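Worksheet: the structure to be examined is printed underneath.
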Amino acid sequence: MPLPILMYHKVGAPVASKADTFLNVSAKSFARQMRLLMRLGYTGITLAEGCERLAAGSLPRRTVCVTFDDGYASVGDHAAPILDAYGWPATVFVPTAYVGGENQWDGMNGHPLLPIMNWSRLRELQEAGWEMAAHTRTHPRLETLGDDEALREMREGRDDLTNNLTAPARTFCYPFGGINARTPQLAREAGFVAACTTKSGVARHDSDPFLLPRVKVAYRDDVWGLFYRLVIRPRLN
């Protein structure tokens, strides 16, 4: 069975200009998208569980993983109550140096600075069944770093999560989707069982667990955009 891994960042962040739509989905659209998945018979699970079941060949039909890059506070404010209504967990990839702060890595690119969840909120979500996964410590472009520095970023982010939360990080996401030929092996050496890219597609039993594709959801998508990306587009490939 294929495993769609949905890629979100912000949910319901304020929109005052076009720049504010970057990596953002309205709370209304997100609610409609989750309702669509439920009506199509999908069940949400964490990425770690999805990867484990995919590898074991025990993945139930119509299973989906909802993932959020960067840990924006808007996810806890707007996405969590919607998912809670269905009893679905999600996976959050956390750049640990910015917990309780802002997305400083975006400032130089002209994108709006927005709050990142603090450790208390991340812990609450984890205790409610969400997976807190690694996203390095400072959100660098890993493909530009030497192997030792890239591995240190991965391990320090993993250790921050372990030290501040109640369960170790098992999965990982490459910041900016940036990788080179060696990065996936470094993620394996850092102790993760799987890692997500920003490449479009759905994961399958023969997918490289350290090069997992995702279904990218954009601001303009709403319900039919998600339906196209999830159901129609994979059949065109």
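All of these numbers come straight from a predicted model, not from anything done at the bench. The chain is numbered in sequence order, starting from 1. Below, each value reflects all heavy atoms present in this structure, side chains not excepted, and no hydrogens, waters or symmetry copies.
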Donor-acceptor contact below 3.5 Å, side chain Arg158 vs main chain Ala190: yes

Tyr174 and Phe172 aromatic centres sub-6.0 Å: yes

Hydrophobic cluster identity match, Val25 and Phe227, side-chain contacts under 4.5 Å: yes

Ile5-Val94 co-clustered via ILVMFWY side chain contacts under 4.5 Å: no

Atom of Pro140, atom of Phe176 and distance for their closest heavy-atom approach: O-CD1, 4.1 Å

Min side-chain heavy-atom separation Leu142-Pro175 under 4.5 Å: yes

Modelled atom types, side-chain donor and acceptor of Asn180 and Thr183, under 3.5 Å: yes

Nearest non-hydrogen partners of Ala203 and Leu212, listed with the distance: CB-CD2, 4.0 Å

Salt bridge (charged side-chain N to carboxylate O under 4.0 Å, His left out) partners of residues 117-128, not counting sequence neighbours, each pair once: Arg121-Glu124

Beyond-backbone contact of Leu83 with Pro89, side-chain heavy atoms, under 4.5 angstrom: no

Identify every side-chain donor-acceptor pair in residues 96-103 under 3.5 Å, counting partners at least two apart or on other chains, and give the distances.
from, atom 1, to, atom 2, distance (Å)
Thr96, OG1, Asp160, OD2, 2.7
Tyr98, OH, Thr138, O, 3.3
Glu102, OE1, Gln104, NE2, 3.4
Asn103, OD1, Leu114, N, 2.6
Asn103, ND2, Tyr72, OH, 3.4
Asn103, ND2, Asp106, OD2, 3.2
Asn103, ND2, Pro112, O, 3.1

Which residues share a ring pair (Phe, Tyr, Trp, His ring centres under 6.0 Å) with Phe22, sequence neighbours left out: His111

Heavy-atom donor-acceptor pair, Ser74 side chain to Lys10 backbone, under 3.5 Å: no

Flag for His9-Asn24: side-chain donor and acceptor within less than 3.5 Å: no

Side chain to side chain, Leu47 and Cys196, heavy atoms closer than 4.5 Å: yes

Donor-acceptor under 3.5 Å (Thr171 side chain, Ala195 main chain): no

Met132 and Trp119, any side-chain heavy atoms less than 4.5 Å apart: no

OG1 on Thr46 to CD on Gln126, rounded to 0.5 Å: 11.0 Å

Glu153 side chain reached by Leu145 side chain, heavy atoms, under 4.5 Å: yes

Minimum side-chain heavy-atom gap Trp88-Met34 below 4.5 Å: yes

Side chain to side chain, Leu59 and Pro2, heavy atoms closer than 4.5 Å: no

Side-chain heavy-atom pair Thr63, Met1 within 4.5 angstrom cut-off: no

Residues, nucleotides or ligands: over 12 heavy atoms within 6.0 Å of Tyr219 OH: no

Closest approach of Gly76 to Leu125 (non-hydrogen atoms, all atoms of both residues): CA-CD1, 4.5 Å

Arg155/Glu189 salt bridge by N-O under 4.0 Å criterion: no

Pairs where residues 140-149 contributes a residue and the test side chain to side chain donor-acceptor pair (under 3.5 Å) is met, not counting sequence neighbours: Asp147-Arg182

Pairs where residues 14-33 contributes a residue and the test salt bridge (charged side-chain N to carboxylate O under 4.0 Å, His left out) is met, not counting sequence neighbours: Arg32-Asp222

Residue pairs involving residues 201-213 (criterion side chain to side chain donor-acceptor pair (under 3.5 Å); sequence neighbours excluded): none

Test item: side-chain donor near acceptor, Arg214 and Thr67, under 3.5 Å: yes

